[in-house]
Amino acid sequence: MDQQHHIQIIYLGSNGQTTKRTLRPLEIVGDRLKAYCTTRRAPRVFLIDNILAVELVAQRMEGAVC
């Protein structure tokens with residue numbers, strides 16, 4: 001979290017549906033992850049037990065040629 005990397009998660013919502021979200025984690029408080037959700041473009045709180053998968057999002061290097 002100190003490096004401000006983005007992660008992608010698969011999250012089980014309270015309605016039983018799964019969603020894929022891209023987040024910038026801010027802090028962990030108890031059993032919750034506070035993060036900025038780039039998918040919803042807003043701060044969100046996620047129950048850690050409902051996070052089914054986590055993947056680090058590769059950061060593009062500035063000036064890189066693709």
Nearest-0.5 Å distance that lies between atom [atom1] in [X] and atom [atom2] in [Y]:
X: Y11; Y: L33; atom1: OH; atom2: CG; result: 9.0 Å
X: E55; Y: I9; atom1: CD; atom2: CD1; result: 12.0 Å
X: I28; Y: I48; atom1: CD1; atom2: CD1; result: 4.5 Å

Shortest non-hydrogen separation from [X] to [Y] and the atoms involved:
X: H5; Y: L56; answer: CB-CD1, 3.5 Å
X: A35; Y: P25; answer: CB-CA, 3.8 Å
X: L47; Y: R32; answer: CD2-NH1, 2.8 Å

Only pairs under 3.5 Å count here: list side-chain donor-acceptor contacts from residues 15-24, not counting sequence neighbours, and write none if there are none.
from : atom 1 : to  : atom 2 : distance (Å)
N15  : OD1    : Q17 : N      : 3.0
T19  : OG1    : R21 : NE     : 3.3
T22  : OG1    : Q8  : NE2    : 3.4
R24  : NH1    : Q4  : OE1    : 3.1

For I10, what are the other residues in its hydrophobic cluster, where any two members join if their side-chain heavy atoms are less than 4.5 angstrom apart?
->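 When side chains under 4.5 Å apart are linked, the cluster holding I10 also contains L12, L52.
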Members other than V45 in its cluster, when Ile, Leu, Val, Met, Phe, Trp, Tyr link by side-chain heavy atoms under 4.5 Å?
->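 Traced through the cluster, V45 reaches no other member.
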Start with the C-alpha gap between Y36 and R41, add the side-chain angles, then the distance that decides, and say whether side chain to side chain contact (heavy atoms under 4.5 Å, CB included) holds.
-> CA-CA 7 Å; Y36 180 81; R41 296 182 179 178; 3.7 Å; yes
